[in-house]
2 protein chains.
Amino acid sequence: MASQTRGARTRQQLLDAAAAVFLECGYEGASMGEITKRAGLTKGAAYFHFSSKEALARSVLDEAVTTDGVLPQTLKLQELVDIAMGLAYRLPREPVQAAVLRLAVDNTARRLLGTAWPEWITVLTDVLVEAKRRGETLPHLDPVQTGRVVMSAWTGMSLVLDEVPSGADLEHHIASLLDHLLPSIAVPAVLAQLDTAPGRGARVALVPLGSTA
Amino acid sequence: MASQTRGARTRQQLLDAAAAVFLECGYEGASMGEITKRAGLTKGAAYFHFSSKEALARSVLDEAVTTDGVLPQTLKLQELVDIAMGLAYRLPREPVQAAVLRLAVDNTARRLLGTAWPEWITVLTDVLVEAKRRGETLPHLDPVQTGRVVMSAWTGMSLVLDEVPSGADLEHHIASLLDHLLPSIAVPAVLAQLDTAPGRGARVALVPLGSTA
């Protein structure tokens, strides 16, 4: 039990170190040597967990698509908001999230590994399908198309903010994005109840895992 | 006069070749040698126009931000639509547009050159300020924030489509994006009159320069 816990910890150290090095050097510029050094581990320990840089990058990608902290809400569309706001809170704080975005726009890495985008579109589409079933969305809504719009626009906001700082943080910009999109998604009675206030992301992301409150 | 025209043509050949090579090899992987070869020119001819790869890249960036083909419309917000749809038509057809997006998400190029994003935000913001002055927008609209949202979301749509093909082309996706955003931008009476149908981009982009129809 103790050794399994240590194993999980080592694995996480490697993922975090890999994310940091991918962010700094890009995929091609990153090496297993630099990653293990950054993680404070020996190469032997690293290769015990990951057979190659590619395997590490794939695990970083898998790690990124998570709705941890997003709790079931009375309104299904609030969960959509919570996913978007929670991720906006996490992106600047978790190297894994930032690295996944960097890898997605890196031609070499993308050709080799694909991106987390299709999986994110699926996550959002599933929420929208259920929201539509419950009558929370406008009747003509196409969940796949809207899932793609929300995910793509989210990605664009974070990439541009990185380059064109505006004084506001990513959460404020994602809140603004949602305020622009939700009137085309939610019926008015639901729209009026959705909480998109900045700070929502922190409240979502900081919920202890396993909580059901 | 003839030699000036030839000079302009040579310059354009170099810009197109540079865009193609930046797209294929990234900024760091591109060389003046490869670019001049691709343009079918001698290095001497190339350096007569551009002193370095960096100078070429800067001109590619300058070239990209254009509202050519977007004609004055009765509704100012139709011009916003036309800019977004026209660019969606051009991106897959003009290496310069695709190269600029590639350079914007390339860390090395971005640190060195900046991106076209701030200028695009300004272009859209100016249209929105005028649309608001004319009473076409919802009264609470913040032109800067909305300009940023439209530009960022546009960018995200094109990046994701590149990776997650959907069967539909960029114009269809940008039309869908606009259909999601415009209800939060336009007053209802204006909204009902805006043409976002795919095909609008081609009609905009193919207007001969200098036309006033």
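The chains referred to below are lettered A, B, ... by the order of the sequence lines, with proteins before strands, and numbering in each begins at 1.
Only the backbone of A/D179 has a heavy atom closer than 4.5 Å to any heavy atom of chain B. Looking at A/L101, neither its backbone nor its side chain comes within 4.5 Å of chain B, counting heavy atoms on both sides. When heavy atoms are compared at a cutoff of 4.5 Å, A/T108 does not approach chain B at all. Looking at B/L23, the atoms closer than 4.5 Å to chain A (heavy atoms on both sides) all sit in the backbone: N, CA, C or O. Proximity to chain B is limited to the side chain of A/I121, based on heavy atoms less than 4.5 angstrom apart.
Shown here for A/M157 and B/R148, the closest heavy-atom pair between the two residues is SD-O, 4.3 Å. The shortest heavy-atom contact between B/L159 and A/W117 is O-CZ3, 3.6 Å.
Residue-environment remark: CD (B/E119) stays at or below the threshold of 12 foreign heavy atoms within 6.0 Å. For CD of A/E54, the number of neighbouring non-hydrogen atoms (other residues, nucleotides, ligands) closer than 6.0 Å is greater than 12. For A/Q12, the CD atom sits in a packed shell: over 12 heavy atoms of surrounding residues, nucleotides or ligands are nearer than 6.0 Å. Other residues, nucleotides and ligands contribute over 12 non-hydrogen atoms within 6.0 Å of the OH atom of A/Y47.
A donor-acceptor contact closer than 3.5 angstrom is absent between the side chains of B/H180 and A/Q145.
With chain A as the partner, the residue from B/L181, B/D142, B/N107 showing the most heavy-atom pairs under 4.5 Å is B/N107. Between chain B and the residues A/V150, A/T155, A/T115, the largest count of heavy-atom pairs under 4.5 Å involves A/T115. Comparing B/L177, B/I185, B/L161, B/T146 by heavy-atom pairs within less than 4.5 Å of chain A, the highest count is held by B/T146.
Contact annotation: the side chain of A/V149 approaches that of B/S176 to within less than 4.5 Å [non-hydrogen atoms, C-beta and beyond].
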